[in-house]
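Working notes for the structure below.
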Amino acid sequence: QVQLVESGGGLVQAGGSLRLSCAASGGTFSNYNMGWFRQAPGKDRYFVATISWSGVRTVYAENVKGRFTISRDNSKNLVYLQMNSLTPEDTAVYYCAASRDYGITAVYDYWGQGTQVTVSS
């Protein structure tokens, strides 16, 4: 059983940056591919980015490509989402998730509780 805890959310002005972190415990972190998702009020949860277990491969949603960077540190059981050039449309609860699959269609087995990101105009 893997537990995931996100942190780093908050309020930021448009054009600003935030770095989200997700701490994993209870399993072998390097066995899992990791993903970030987000859910805005009244909307479905959408894929943001994913990173392979080794950190070599990454995939991004088109609307964050070039602005967001996913990375991981297997020695610390952490995955990060660096978010730059934020816009109000990035406002959402951000979730990290763990999967033994890889790619945008992967099925995720474990989810964190989410961290709120609010971007003011």
Side-chain angles (χ1 to χ4, degrees):
Q1 188 78 4
V2 176
Q3 291 82 44
L4 302 172
V5 179
E6 302 94 338
S7 61
L11 174 64
V12 63
Q13 287 188 330
S17 299
L18 279 176
R19 188 176 82 157
L20 305 183
S21 300
C22 174
S25 61
T28 302
F29 183 62
S30 59
N31 284 348
Y32 293 91
N33 303 297
M34 300 298 295
W36 284 97
F37 293 76
R38 67 186 183 184
Q39 186 169 20
K43 296 187 177 181
D44 292 334
R45 186 161 54 190
Y46 289 99
F47 167 81
V48 174
T50 185
I51 188 166
S52 62
W53 66 269
S54 64
V56 171
R57 294 181 293 168
T58 58
V59 179
Y60 296 91
E62 284 298 318
N63 57 356
V64 305
K65 198 175 292 185
R67 300 188 299 123
F68 290 11
T69 303
I70 188 171
S71 61
R72 67 189 295 162
D73 186 339
N74 286 348
S75 69
K76 296 181 180 179
N77 289 3
L78 289 168
V79 61
Y80 304 101
L81 185 68
Q82 177 67 44
M83 306 186 295
N84 299 328
S85 301
L86 286 162
T87 75
E89 288 69 39
D90 296 314
T91 295
V93 177
Y94 284 71
Y95 299 89
C96 74
S99 174
R100 291 190 179 271
D101 299 329
Y102 178 74
I104 61 174
T105 61
V107 175
Y108 285 81
D109 305 297
Y110 303 102
W111 293 84
Q113 83 291 347
T115 186
Q116 176 71 47
V117 171
T118 303
V119 184
S120 63
S121 57

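The basis for the numbers below is simple: all heavy atoms, side chains too, and nothing from hydrogens, waters or symmetry mates.
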query: Which heavy atom of Ala24 sits nearest a heavy atom of Phe29, and at what distance?
result: CB-CD1, 3.4 Å
task: For the pair Thr58 (side chain) and Thr50 (backbone), establish whether a donor and an acceptor sit closer than 3.5 Å, ignoring hydrogens and angles.
output: no
message: Could you tell me if Arg100 sits above the aromatic ring of Tyr32, with its cationic atom closer than 6.0 Å to the ring centre and no more than 45 degrees from the axis?
response: yes
query: Taking all atoms of both residues into account, what is the closest heavy-atom pair of Ser30 and Asn74, and its distance?
result: CB-ND2, 3.7 Å
field: Nearest non-hydrogen partners of Ser120 and Pro88, listed with the distance
entry: C-CG, 4.5 Å
- prompt: Arg67 and Asp90: side-chain contact (heavy atoms from CB on, under 4.5 Å), yes or no, with the steps?
  reply: CA-CA 11 Å; Arg67 300 188 299 123; Asp90 296 314; 2.8 Å; yes
field: Interatomic spacing from CD in Glu89 to OG in Ser121 - rounded to 0.5 Å
entry: 9.0 Å
- request: Identify whether Ile70 and Leu4 are in the same connected component of the hydrophobic contact network (ILVMFWY, side-chain heavy atoms under 4.5 Å).
  value: yes
- request: Please answer whether the main-chain N or O of Cys96 pairs with a side-chain N or O of Glu6 as donor and acceptor at a distance below 3.5 Å.
  value: yes
field: Ile51 with Val64, same ILVMFWY side-chain cluster at under 4.5 Å
entry: yes
field: Atom pair CD (Gln1) and OG (Ser25), whose distance is rounded to the nearest 0.5 Å
entry: 10.0 Å
- prompt: Nearest 0.5 Å, what's the CG-CZ distance between Asn84 and Arg19?
  reply: 11.5 Å
- prompt: Do Val2 and Trp36 share a hydrophobic cluster (ILVMFWY, side-chain heavy atoms under 4.5 Å, transitive)?
  reply: yes
- line: Minimal heavy-atom distance between Ser17 and Ser85, with the atoms involved, is OG-N, 4.3 Å
message: I'd like to know if the side chain of Ser52 pairs up with that of Asn33 as donor and acceptor (distance under 3.5 Å, no hydrogens or angles considered).
response: no
Results of salt bridge (Lys or Arg N to Asp or Glu O under 4.0 Å) for Arg57 - residues two or more places apart only: none
statement: Partner of Val119 under side-chain contact (heavy atoms from CB on, under 4.5 Å), picked from Thr91, Leu18, Leu11, is Thr91
statement: Shortest non-hydrogen pair, Tyr108 vs Ser99, comes out as CD2-CB, 3.5 Å
- prompt: So do the side chains of Val12 and Met83 get within less than 4.5 Å of each other, counting heavy atoms only?
  reply: no
query: Could you state the interatomic distance from OH (Tyr46) to CZ (Arg38), rounded to the nearest 0.5 Å?
result: 10.5 Å
query: Honestly curious: do Leu86 and Val48 fall in one hydrophobic cluster under the side-chain, below-4.5 Å linking rule?
result: yes
message: Ignoring hydrogens, what is the shortest heavy-atom contact between Leu78 and Tyr80? Give both atom names and the distance.
response: CD1-OH, 3.1 Å
- request: Check the hydrophobic clustering (I, L, V, M, F, W, Y; side-chain heavy atoms under 4.5 Å; chains of links allowed) and say if Leu20 and Tyr60 are grouped together.
  value: yes
query: Aromatic rings Trp111 and Tyr95: how do their planes relate, parallel, tilted or perpendicular, breaks at 30° and 60°?
result: perpendicular
